[in-house]
2 protein chains.
Amino acid sequence: MSEATAAADPAAMAALKHVALAGGLTETKVSCAALGDRLDASTQTASRRLQTLESAGLLERDVVGDGQWVRVTDAGEAALRGEYADYRRLFESDVELVLRGAVTGGMGEGRHYITLPGYAAQFAARLGYEPFPGTLNLELDAESVRRRGEIAGIDAVPIDAWEDEDRTYGAAACYAVTLVADDGRYEDGHAIVPDRTHHDDDKLEVIAPDELRAELDLTDGDTIEVRVEATSRADAPDDPDAFEDSGEPEDPDEPLGEVA
Amino acid sequence: MSEATAAADPAAMAALKHVALAGGLTETKVSCAALGDRLDASTQTASRRLQTLESAGLLERDVVGDGQWVRVTDAGEAALRGEYADYRRLFESDVELVLRGAVTGGMGEGRHYITLPGYAAQFAARLGYEPFPGTLNLELDAESVRRRGEIAGIDAVPIDAWEDEDRTYGAAACYAVTLVADDGRYEDGHAIVPDRTHHDDDKLEVIAPDELRAELDLTDGDTIEVRVEATSRADAPDDPDAFEDSGEPEDPDEPLGEVA
DNA sequence: ATTACTAATACACGAGTAA
DNA sequence: TTTACTCGTGTATTAGTAA
């Protein structure tokens, strides 16, 4: 969901893509000869690819003697959409702002806040994932502190204020970012910027589906690049309103915004 | 340009995609270890992938001892965009209308018209390719004849009328279509519908960059599916106005439209 | 015509190593 | 640490064949 899809087998994905292009998302009849042509491979290899895809659960088949009827399964379509998302990231999401910062300690406080149900439910619903319970805290370099203000002009996912019996919790904005480590590793996530506090201009907090420190092999003091995307679409493929299964159900009448 | 990109090596393309996602479209530093992680492969394999991409002209590299600086070449970006185009076809271009017809003879007349400079230049400029000199003529089945009228509501590329010293040639509309043969082979092209003639409602003429009869292994009488796309974008990736090299230069002051 | 098996071969992979 | 070489092994591939 976050990083580039570690797509099973690139060769199998290529075959699946061709099946889908031939109409396999609904149902279509293919022949191994035609598929082999497309893949620059033999009919035997094409046959094996289809078997592989079937046993991987990405494809359903009905072999009928003079060919075979195939349809891409939901898992197969999800895999294809994963690839598609990668290419969209490549060519559609132009990066609006690039910041650099050093990883700094203090997982504690951020961890506490983002796991609170009032926030967690909104993350799940609006970002399309449940954040790893912990934030990556960055201390921006001088140049980045200067440019940080530009973030206000970038499209963000709003996180509404909420309250429990004890206190109220402020609203925030989530900016879609790609974190790029110095060794080329990268992960997608969101920079979360509280609406109120404008001190701490040299700090940036990032959440992601996975543990960023582990995925990017980061330790305190490492510098990292933060690419803020112009369009903050969620990674979630299709259903932007399917979040009933995660966290507290949201009260549609809850008082939002404007909290001191 | 027309069918799905017969992308060199799927594994190499996967590597190229990851390099690009890591920022390689401009320039970025990668390590074979990180790339190997992403590809579920060893560092040796990652190293070999990068060498392969380099010798294929898809990537430029500067090995610097503690890593390597890489940038995707224009050819590499074109290959990636080819993949991207495939996925867009999968998930963006919803098919608006599906017709079926039988291949019928008569390449002669269509061939004559589409090779006329006044038409050919427009095809090159507006469709992004020079059509194979010949049209595929289809005789629609009864159901398709009935539904054919819906095509009027679909987005089309206009082809303007023009004239030479002898006569005038009428305007037409080009609808982006995907032809799917019964064996699963498919090709992209355009249905070309003259603006004037409304007899011949059971005929459909299709042009494409390649010889459709050969690519789809068609002979007279074979039936084929014609998927008319809702959005008639050209296949040409980027430069919609680069067509000086193909056919006659268009006179910007030529009288267009309104011809009896 | 299909699909898919078996068998021979080629090629790709990763371990080890050097620079 | 890097990259990338060689080399032994294993897997993927194709040819041939059967159903």
Peer 1: Rounded to the nearest angstrom, tell me the gap between atom CZ in R61(A) and atom C1' in dT3(C).
Peer 2: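 The answer, rounded to whole Å, is 8 Å.
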
Peer 1: Before giving the answer on salt bridge (Lys or Arg N to Asp or Glu O under 4.0 Å), spell out for E187(B) and R38(A) the whole-Å C-alpha distance, their side-chain angles and the decisive distance to 0.1 Å.
Peer 2: CA-CA 11 Å; E187(B) 286 286 326; R38(A) 277 262 152 48; 3.8 Å; yes

Peer 1: In plain terms, say whether E229(A) and R89(A) are close enough for a salt bridge, that is, a side-chain N and a carboxylate O under 4.0 Å apart.
Peer 2: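 No.
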
Peer 1: For L50(A) and dT2(C), what is the distance between atoms CG and P respectively, to the nearest whole Å?
Peer 2: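 After rounding, the gap between these two atoms is 13 Å.
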
Peer 1: By nearest nucleotide on DNA chain D, pick out whichever of G65(B) and T43(A) is the more 5' one.
Peer 2: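 Upstream on the strand: G65(B).
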
Peer 1: Which part of the nucleic acid, if any, lies within reach of S31(B) when heavy atoms closer than 4.0 Å are counted: base, sugar-phosphate only, or nothing?
Peer 2: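 Since only primed, P, OP1 and OP2 atoms lie under 4.0 Å of S31(B), the category is sugar-phosphate.
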
Peer 1: How many Å lie between CG on D62(A) and P on dA4(C), as a whole number?
Peer 2: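 The distance from CG of D62(A) to P of dA4(C) comes to 11 Å, rounded to the nearest Å.
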
Peer 1: The side chain of V63(B) is closest to which nucleotide in this list: dT3(C), dA15(C), dT3(D)?
Peer 2: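 The nucleotide sitting nearest to the side chain is dT3(D).
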
Peer 1: What is the base-pairing partner of dA1(C), counting Watson-Crick and G-U wobble geometry with both distances under 3.5 Å?
Peer 2: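 Across all strands, not a single nucleotide pairs with dA1(C).
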
Peer 1: Please give, in whole Å, the distance from dT13(D) C1' to L39(A) CG?
Peer 2: 13 Å

Peer 1: The side chain of Q68(A) is closest to which nucleotide in this list: dT3(C), dA4(D), dC13(C)?
Peer 2: dT3(C)

Peer 1: Using whole Å, report how far CG of D182(A) lies from P of dT1(D).
Peer 2: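 Going from D182(A) (CG) to dT1(D) (P), I get 17 Å.
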
Peer 1: Taking any heavy-atom pair under 4.0 Å as a contact, classify A11(B): base, sugar-phosphate, or nothing.
Peer 2: nothing

Peer 1: Measure from CG on L35(B) to P on dT3(D) and round the result to the nearest Å.
Peer 2: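 So the two atoms are 10 Å apart, to the nearest Å.
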
Peer 1: Check whether any side-chain nitrogen or oxygen of R49(B) sits under 4.0 Å from OP1 or OP2 of dC13(C), and answer yes or no.
Peer 2: yes

Peer 1: Name the residue closer to the 5' end of DNA chain C, choosing between D66(A) and A46(B) according to the nucleotide with the nearest heavy atom.
Peer 2: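 Taking each residue's closest nucleotide, the earlier one in sequence belongs to D66(A).
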
Peer 1: Taking any heavy-atom pair under 4.0 Å as a contact, classify S42(B): base, sugar-phosphate, or nothing.
Peer 2: base

Peer 1: Below 4.5 Å, heavy atoms only, C-beta onward: do C32(A) and R49(A) meet side chain to side chain?
Peer 2: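 Heavy-atom side-chain distance check fails, nothing below 4.5 Å.
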
Peer 1: Considering all heavy atoms of both residues, which atom of F123(B) and which atom of C174(B) are nearest to each other, and what is their separation?
Peer 2: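 What the structure gives for the nearest pair is CE2-SG, 3.9 Å.
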
Peer 1: From the options dG14(C), dT3(D), dA4(C), select the nucleotide whose nearest atom is closest to the side chain of R48(B).
Peer 2: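 Between dG14(C), dT3(D), dA4(C), the one nearest the side chain of R48(B) would be dG14(C).
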
Peer 1: Regarding D141(A) and R147(A), does a basic nitrogen lie under 4.0 Å from an acidic carboxylate oxygen?
Peer 2: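 Judged by the 4.0 Å cut-off on N to carboxylate O distance, D141(A) and R147(A) do not form a salt bridge.
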
Peer 1: Which whole-number value in Å describes the distance from Q51(B) CD to dT2(D) P?
Peer 2: 16 Å

Peer 1: Using atom CH2 of W69(B) as one end and atom C1' of dT3(D) as the other, report the distance to the nearest whole Å.
Peer 2: 16 Å

Peer 1: Given the structure, check if the side chain of Q44(B) and the base of dA15(C) hold any donor-acceptor pair shorter than 3.5 Å.
Peer 2: yes

